Amino acid sequence: MNKTLFFIVAWLGLSFCPVYAEMSADEAAQKASHIAYYQGKDGRSSVTMVVTDAQGRTRERQMTILRFNIQDNGDQKYYVYFYKPNDVKGMSYIVWKHPDRDDDRWLYLPALDLVRRIAASDKRSSFAGTNFLYEDVSGRSVALDAHEMLPGDEKYYVLKNTPKDEAQVEFSYYKIWIDKNNFVPVKAEYYDKEGKLYRTIEALEVKDIQGHPTIVKMKASDLNSGAFTVADFSDVAYDIGITDDIFTERYLRNPPSQWIKG
Amino acid sequence: MKKPFAIWMAACLAWAATGSLASAEWQALGGFMEEAFGYRASDDNLTKHKSFDMAEQRLQLKDQYSFDGEGLLSRWRSVLRFKGDFTVDEYFAGETDFELREANISLTPASFMDIKAGRQVLTWGTGDYLFINDVFPKDYESFYIGRDDEYLKKPSDAVKLSFYPKAVNVDLIVIPYFTPNTMPEGQRLSFFDSFEGGIAGKSSDRFLVSPGWQPENFEYAGRFYRNFSDTEAAVYLYRGFDKIARSYKDEAAHQLYYERQDVFGASLRGPFAGGIGNIEGGYFYSPEDPKGDNRLIQNSMAKFMIGYEKDLGHDLKIGFQYFYEQTLDYGAYKAALLPQDFFWDEYYHLLTQRITKLFKNQTVAVSFFNFYSPSDQDGYVRFSVSYDMTDQWKIVMGANIPWGQGEQTTFAQMKKDKNIYVRLRYSF
């Protein structure tokens, strides 16, 4: 009798185990974050962001972004060099991203030859006046949210992410859709404190680059204002040999010409 | 009105010339056109014009050339940079001018070394509109009438060598040709003139004597800096001249000059209490008056400042600074004064506060910067609103309001120079 029970339990366990073990919410969130922000040891991409307001007027931002991983899924360094709009052309920007505390940021203003240290505790402010936020560009730490698996479908995991510290953010929770094949986060929906959907981010095009599934076109929409921003990523390359020293004052003042064409 | 036409022609020719040289390595020519007007908001009969203090058109052109191919300059990753401003100044009856702001070459002859030679803007230090170890030339006239912040800094003709060994980074600068600060001098902005015994305008007949162009007058500046974790530390050295003519050459002839000055300083900057903190100090040695007992020459001084900036979220930033200055050997200076001399206080305290807020997806910037000196009982309010109408068009409106009781102190002497300005810029 005991043996039979054991057999039944074991059988049930074995058969259900793959379902439960298939993917925990935390694991899915971690994998999606890795795919979106940590592939390769380093990377480069040319980014064009077109902001369209509710009246249909457009503004354009153009930049090259260099990325360097200090730790996989941990600290990273970013270098951003602006080409457009014309009045910010030549500005460069360095971020030392720390998932567990405030980032370190420096901005170089070439007209003044000034390296300014940026006080930046608000990671949820607009990136360069677009509908993307700093956290969309450099990634939100997985540890900042509690993740819960919602019923998905064949193609996507759906996660509900609730911030552990609500005071730090403008949303009450957000949902993300993660492609089961490659863990690319293809859509995010942000809900405000009243539970109303107010902001979405969508991957419009995903390409395989050097074996890494890569979002090459994405869109951030502000549903309250009707404005949206489409970002195109071109010349994407991974593991191009970027070194740690690029993310210092030397190269802030003098953009590294092997990766950035003035 | 023929002169402005000539300037625009010259600008077009310059454009055409760079165009004909154009190869893949030349970047597209960029720059802006700007129209600026400043309305004088206080009664001032002393300056050239009563009703305005700025009315000018400006065309800035800039370009850069990156050496490509196999030559030495390419291997050294050399870049040539040019930037110049053509201006038509209606304040001086449509006077035209060309100011070369940058003409320099950057080279990396070794992996641990950079060189930048030619006309360039030089900046270091940690203050926000306050400077201790940044001893490079500035244009305070532009600052007070509301030109873009870019024009607060004047270019220097210099060679800058930078070294990057592991332990500490080093910048060494040699400036063969002295450039003084541009200070109010009476035509456009009234100021305190000790020869006139009060606030003076266009009647001021001071003569400012610059050091001559000779090897012993070369200026030398050095900075040694490195990070300790996320805190930036720097030590600064400078041998040169005061950038403001504060010492008397010949009292009878109303001559002032830029006395010799050596500066030794240091700074720290890093994350502090949820924001960015900075601290900077400097000892200003006056080699021509080491004991401080010469009433005609500026004494040695000690300067110190501490600052804090914080991001409050929602594109709102605030900042505070405290600045302290002490005239050294003050007893000797006081004892040497003659009865009729104007004199300066031993201690100077200054507080500043900044609020910057961005609106409408960061296209509107409102900035409020306030200087206040409790020791001098004077201050200066800088306010501006800028709006990026499109990626090309930008409009800036602002006000400059210096105020104070006396006539002699930093901001009180400028109290007749209050203005309200507007600038319209097209960038390309």
Side-chain angles (χ1 to χ4, degrees), chain A residues 51 53 57-62 83-90 96 98 101-106 108-131 167-170 222 225 227 229 245 248-251 253-258 260-262, chain B residues 27 30-32 62 64 66 77 79 81 83 101-102 106 108 114 116 120-124 126 128 136 148-153 162 164 169 225 227 230 232 269-271 274-276 278 308-319 358 360-363 388 390-392 394 425 427-428:
Chain A
V51 187
D53 69 11
R57 294 173 298 201
T58 61
R59 291 168 196 271
E60 195 181 331
R61 307 279 173 268
Q62 207 178 306
Y83 296 95
K84 275 186 184 173
N86 292 314
D87 64 337
V88 303
K89 184 176 164 50
W96 293 1
H98 310 297
R101 59 195 159 99
D102 284 352
D103 295 344
D104 293 305
R105 298 183 196 169
W106 291 264
Y108 177 64
L109 305 170
L112 291 159
D113 189 44
L114 176 66
V115 174
R116 183 177 281 166
R117 186 93 184 226
I118 305 287
S121 37
D122 185 10
K123 297 182 185 182
R124 298 202 64 76
S125 57
S126 160
F127 175 77
T130 68
N131 298 104
Q168 295 291 319
V169 294
E170 82 288 2
D222 176 346
S225 72
T229 301
D245 65 326
T248 57
E249 185 174 328
R250 178 184 190 180
Y251 292 98
R253 288 175 183 266
N254 243 331
S257 58
Q258 64 270 48
I260 290 167
K261 291 285 165 229
Chain B
Q27 213 176 65
F32 63 80
K62 60 177 175 183
Q64 71 181 56
S66 306
R77 298 199 199 122
V79 181
R81 290 188 181 84
K83 179 154 88 177
R101 290 194 59 85
E102 283 180 42
S106 306
T108 304
D114 292 330
K116 191 170 180 180
Q120 55 190 300
V121 173
L122 296 165
T123 300
W124 59 40
T126 63
D128 185 6
F136 307 110
D148 189 274
D149 275 359
E150 171 175 5
Y151 299 99
L152 173 58
K153 296 291 298 194
S162 302
Y164 308 94
N169 297 325
Y225 65 104
N227 281 25
D230 41 20
E232 303 158 80
R269 179 167 68 181
I276 300 293
N278 67 288
Y308 178 69
E309 191 181 286
K310 185 165 172 60
D311 175 10
L312 296 179
H314 304 284
D315 287 322
L316 173 64
K317 280 184 186 171
I318 54 164
L358 308 177
K360 288 180 62 111
N361 254 10
Q362 302 180 348
T363 57
D388 294 328
T390 69
D391 282 342
Q392 285 77 41
K394 177 182 192 135
R425 179 180 287 202
S427 299
F428 54 87

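The chains referred to below are lettered A, B, ... by the order of the sequence lines, with proteins before strands, and numbering in each begins at 1. Small disclaimer: the values here were computed from a predicted structure and weren't measured.
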B:F32 CZ to A:N86 CG distance, which is reported to the nearest 0.5 Å: 12.0 Å
Closest non-hydrogen atom pair between A:D87 and B:S427, with its separation: CB-OG, 3.8 Å
Contact class of B:S162 relative to chain A, heavy atoms under 4.5 angstrom: neither
Contact leader toward chain A among B:R77, B:K310, B:K153, where contacts are heavy-atom pairs under 4.5 Å: B:R77
Side chain, backbone, both or neither of B:Y225 within contact of chain A (heavy atoms, under 4.5 Å): side chain
Segment of A:I118 engaging chain B (4.5 angstrom heavy-atom cut-off): both
Counterpart residues, side chain to side chain contact (heavy atoms under 4.5 Å, CB included), relative to A:K89 (two or more places apart): A:Y83, B:Q27
Criterion side-chain contact (heavy atoms from CB on, under 4.5 Å) on A:N254 and B:K116, from CA distance to verdict: CA-CA 10 Å; A:N254 243 331; B:K116 191 170 180 180; over 6 Å; no
Spacing of B:Y164 atom OH and A:D245 atom CG [to the nearest 0.5 Å]: 10.5 Å
Heavy-atom pairs under 4.5 Å with chain B, option from A:S125, A:S126, A:A128, A:S257 with the top count: A:S126
Contact winner vs chain A - B:R81, B:E309, B:Q362, B:Q392, heavy-atom pairs under 4.5 Å: B:Q362
Contact origin within A:R101 toward chain B - heavy atom pairs under 4.5 Å: side chain
B:D114, B:T108, B:N169 screened by side-chain hydrogen bond (donor to acceptor under 3.5 Å, both in side chains) with A:R250, the one that passes: B:D114
Which atom pairs, one a donor and one an acceptor, fall under 3.5 Å between side chains of residues 110-117 of chain A and the rest of the protein, sequence neighbours left out?
from: A:D113; atom 1: OD1; to: A:Y108; atom 2: OH; distance (Å): 2.7
from: A:D113; atom 1: OD1; to: A:R253; atom 2: NH1; distance (Å): 2.9
from: A:D113; atom 1: OD2; to: A:R253; atom 2: NH1; distance (Å): 3.0
from: A:D113; atom 1: OD2; to: B:T123; atom 2: N; distance (Å): 3.0
from: A:R117; atom 1: NH1; to: B:D230; atom 2: O; distance (Å): 2.9
from: A:R117; atom 1: NH1; to: B:E232; atom 2: OE2; distance (Å): 2.6
from: A:R117; atom 1: NH2; to: A:D104; atom 2: OD1; distance (Å): 2.9
from: A:R117; atom 1: NH2; to: B:D230; atom 2: O; distance (Å): 2.8

Which portion of B:N227 sits near chain A, non-hydrogen atoms under 4.5 angstrom: side chain
A:E249 versus chain B, the contacting section by heavy-atom distance below 4.5 Å: side chain
Contacting region of A:R61 [heavy-atom separation from chain B under 4.5 Å]: side chain
Atom group of B:R425 that falls short of 4.5 Å from chain A, counting heavy atoms: neither
When B:L122, B:D391, B:N361, B:D148 are compared by non-hydrogen pairs under 4.5 Å with chain A, the top option: B:D391
Part of B:K360 within contact of chain A (heavy atom distance under 4.5 Å): neither
Separation of B:H314 NE2 from A:R124 CZ (nearest 0.5 Å): 11.0 Å
Region of B:E102 in contact with chain A, defined by heavy-atom distances below 4.5 Å: side chain
